[in-house]
Each structure stands twice: as C-alpha cells, then as structure tokens.
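Below is one structure, written out as structure tokens; the observations come after it.
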Amino acid sequence: MSRDRSTTSVAPSSPDTIRDSSPAIHAGPHDSYFSGLQNALSHAGIASPSVVIDRARLRRNAVRLKALIASNAQLRLVEKSLPVPALLDEAMKLTETSALMVFHEPQLRQVAQRFPDSDLLMGKPMPVLAARHFYRHLGNTSFDPARQLQWLIDTPARLQEYLELARGLDTKLRVNVEIDVGLHRGGVTDPSALRVMLEQLHGASEHLEFAGLMGYDAHVGKLPGLVQSRETSFGKAVDAYRSFQAVARAEFPELAPTLCWNGAGSPTVALHRHNSPLNDVSAGSALLKPLEFDIDLLAEFEPAVFITTPVLKAQDGTRLPGPAWLSKLLFGGRAQRARSYFIYGGGWPAQPASPVGLLPNKQFGLSFNQSILNGPREHALAVNDTVFFRPYQSEGTLLHYGPVRVIEDGRVVDEWLPFGEI
Ligand SMILES: Cc1ncc(COP(=O)(O)O)c(C=O)c1O
C-alpha cells in the first residue's frame, strides 16, 4: 500500500520520537480509502479535530435513498441529521425534494431564511413560547408559515395553546397531529383521542388548519427477534397508522386528498417502499450512514461521515501512572494494547474506524483534550497520522467541529459551516 510519508514527519528532537520505537513495522496504518482521506486533509493543512464528508459516497447514498421512496410518496429530509445549510442544499438537490423535517427553533428560522420555498414539518412538538419566538424573530423572508409550515401537536392542551397563539398573532397555523404507532414517545395513543382533537380543530378553523398525521416508527426492528419480529412490529405500526388515518379521513373528508401522512425514518424507510399508509416519508441519516445505521435494511449505503483527528503522541506499550507492575499485569502481552496513542481531542460519541483494532482505555480514563487509544503493532500509527472515527449519529456531530470538510477526488473541496444557535 503506498503512503505519503510526508504526512507523518516527526520533529527529530521530540521525546515522542524516542518513545516511538517501532517505525520499522509501520507499513501504513490505513487502507487505500482512508489513506486517501488522510492525504486530502494533510494537503489542505487540516490538523485538528474535524468532521469530513465523502461527497461521492453522499451522492451514491442519495441515489439509493431516492430508490427506496414509493412513487406515490415524497421524501422529507430530516434536517437535524444533516444540520449544515450547504449539505442540506446539496441533499435536497440530489434527492429532488424541498420537504424537510425540523426539530429546533433556531434551525427552523435559519431553514426558513435559507430555503424560502421549502415545505416544513416539525418533528417534535415545540413549546408554544418557542413557536411564538419563531414568529417574532423570523425576519424578512418570502417563506410563508401559514402555507409552508406544519406545527406538530401531541395533546389537546397544546392544541389550545397554539390556538391562543394564532389568535394573538391574528394568523392561521397548520397543525399536524403526532400519533403513537408503537414507539411510545408521546403523541395521541388511540383513535378516539385523535377524534377529540380533530373536533377541537373543527371548532377552531378560523385559526387552525388540520394538515395531517406524523407517526414515527423507530422501534420497528429494534426489539430482539424473540420478543417481536421486525415484520410483526412493522405490521402493528402500519395497522395503528391506518386506524388513525381512518378517523382523520372521516372527520375531514374534504381535506383527505391533500393531507400529509408522515412517518418512517432511515431505519424503516425501505419497509415503506410498498403497501405503506404514508405519502410523506422522512429520512436523513441514511445519506451519511453513521454507525447506528449499520443495519441490514441499509446494507447498500456507504459510511460518508467521519470525525478525524491527528495523533499527538505514539508510544510502545501501555503505561498507567503508578507502579510498572500494574500496567504489566493489565496490558502486558496483549496484542491490542501493544501501542498507545494520545490524540488531539477525544471523548466523542464515536468509534475508531481506521486504523483497525484501535481501542479506548477505560483504566487510563476519558479525556476531551488528549484521549488515549490503544492498538496492535499492525497498522501502527505515527505522530501526525490521522485517526478516523465513525460517529454513532450525524445529529449533534455535525454541529460541534466547526466547518465540515467536504472531500472529493482526493481533495478537500469545500468547507461547510453548520447551523448556529442564533
Ligand atoms: C420524528 C422523526 N422522524 C424521522 C426521524 C428519522 O431521522 P433519520 O432518518 O435521520 O434517522 C427522526 C429521528 O429522530 C424523528 O424523530
């Protein structure tokens, strides 16, 4: 495997060089894919913790995601899983959708500003004060909330609060009702409770407009097969959805053809390809495939997001503070503890992805400043080499490392700033 050693130069006077006594077996820590990413970062002069997106993989994942959406449904991209304006822009173009699901009021305002033609559905019920804050601080934009935004409402009490907000603002709000299809994270739990809320909506039609239902089914496929199979939990979720839908259609027959029947998420989007009650299908994470999305239904998708950081110190063996015999007892002769690395940063919700065989060290402890990793002699890292992590989720990760570095054809071609807390 060829490797650009210029990326791993070590100052000759550094004490770490002296401790790093195994350069001879240092054939190259990464396979050709990660070597390519490492070279791209090095070429761009990036040597601090950073998030990178592989644009070619993102593009291929977009094609795969589009192929999972039934012809009678629209894809709604989950903004919180892709919370970077330029990334969203690219993802919306690639998947040909302007529908987004949003979860955070500051991001809602920024999305409305940046994508004034988008169609937005909230993914969780917002405190009415947050909704009021949105209207007060939206600013100048052609985005028209009365047409382009559905608030998510889970209880009659919240519906009443939103009615009062609409009256106070002298505007009309669109309301989507959260239904519980088995996840038990809130929402209306049975069709008769939905009927009560829909009657409330009938009585408030001057200010509130019923827009549809949202039933998220993240529990499907998560239970051990012995407790409940994926087929059974999916079937139950779909049946529950249909029974809520029947009530909504009966209460609002005139609106029925235009209502938004939202549900799904990356883990279940493939299941909704056929015979689904949904006409509005959410997914976001599948485009980047962080670690938690390594599931059979997304097997074809490729990991496209990594946290990267340089190695600051590379040592033989693993030495805890205190008596040498303790370290020997705990780590001596253990191939996976043969090398120690202190990296720039750490403590992330992520797992090392390259080189293979890296492990955290619980005994040494957690550090957000200089974390320790252990590894075998094979694929040994040197000072200034890059470690690649796969985050468990893209949500959160993309917000915390400054500009997201976009890698294409072996080069960092773009830097995308995530949404801010404004
Ligand atoms: C309501 C709702 N829909 C859909 C999703 C799916 O998002 P993703 O595709 O990024 O997993 C989520 C994720 O938390 C959600 O809360």
Side-chain angles (χ1 to χ4, degrees), residues 53 58 61-62 64-69 73-84 87-88 91-92 94-95 97 99-105 107-108 111 119-126 149-154 175-188 211-222 234 237-238 240-241 244 260-273 276-298 300-301 303-305 349 390-399 418-419:
I53 287 180
L58 168 70
N61 286 342
R64 295 174 180 118
L65 183 56
K66 263 188 82 180
L68 294 179
I69 308 302
Q74 80 164 338
L75 171 65
R76 183 174 294 278
L77 289 177
V78 177
E79 175 269 336
K80 78 168 162 60
S81 308
L82 311 162
V84 178
L87 169 61
L88 269 181
M92 288 161 80
L94 288 169
T95 58
T97 185
L100 299 174
M101 177 174 263
V102 183
F103 292 75
H104 186 40
E105 194 271 331
Q107 289 174 11
L108 175 61
V111 167
D119 173 273
L120 307 184
L121 165 62
M122 296 309 292
K124 65 179 177 238
M126 301 301 284
L149 172 61
Q150 300 176 55
W151 294 101
L152 192 67
I153 302 292
D154 54 338
V175 168
N176 187 299
V177 180
E178 182 178 20
I179 54 172
D180 182 3
V181 296
L183 177 60
H184 303 333
R185 189 177 71 175
V188 178
L213 301 178
M214 192 288 280
Y216 184 36
D217 56 7
H219 63 291
V220 168
K222 295 271 165 65
F234 183 64
V238 163
Y241 204 109
F244 287 113
C260 169
W261 310 119
N262 174 269
S266 296
T268 57
V269 67
L271 300 173
H272 287 279
R273 178 87 183 81
S276 168
L278 309 180
N279 62 9
D280 196 272
V281 176
S282 296
S285 300
L287 291 178
L288 298 177
K289 200 180 181 183
L291 202 57
E292 282 190 358
F293 296 81
D294 281 358
I295 57 170
D296 62 334
L297 288 169
L298 297 174
E300 281 182 16
F301 288 70
V305 63
R390 276 184 77 197
Y392 292 114
Q393 302 204 352
S394 54
E395 173 186 348
T397 297
L398 292 169
L399 295 173
F419 284 118

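Order of listing sets the numbers, starting from 1, for every ligand and every atom in it.
- Put simply, the residue from Asn279, Asn262, Asp119, Val281 that forms a side chain to side chain contact (heavy atoms under 4.5 Å, CB included) with Gln74 is Asp119.
- Using a 4.5 Å heavy-atom cutoff, the side chains of Met214 and Met101 are in contact.
- Contact annotation: the side chain of Met126 never approaches that of Leu108 to less than 4.5 Å [non-hydrogen atoms, C-beta and beyond].
- Figure legend: cation-pi geometry between Lys289 and Phe301 absent, as NZ or CZ is not positioned both under 6.0 Å from the six-membered ring centre and within 45° of its axis.
- Looking only at side-chain heavy atoms (C-beta outward), Val238 and Pro277 come within less than 4.5 Å of each other.
- Contacts of ligand 1 (protein heavy-atom distance under 4.0 Å) are Val78, Lys80, Ser81, Met101, Phe103, Gly123, Arg185, Met214, Tyr216, Ala264, Gly265, Ser266, Ser282, Ala283, Gly284, Ser285, Phe293.
- Summarising the geometry, atom CD belonging to Glu178 is positioned 10.5 Å from atom CZ belonging to Phe244; distances are rounded to the nearest 0.5 Å.
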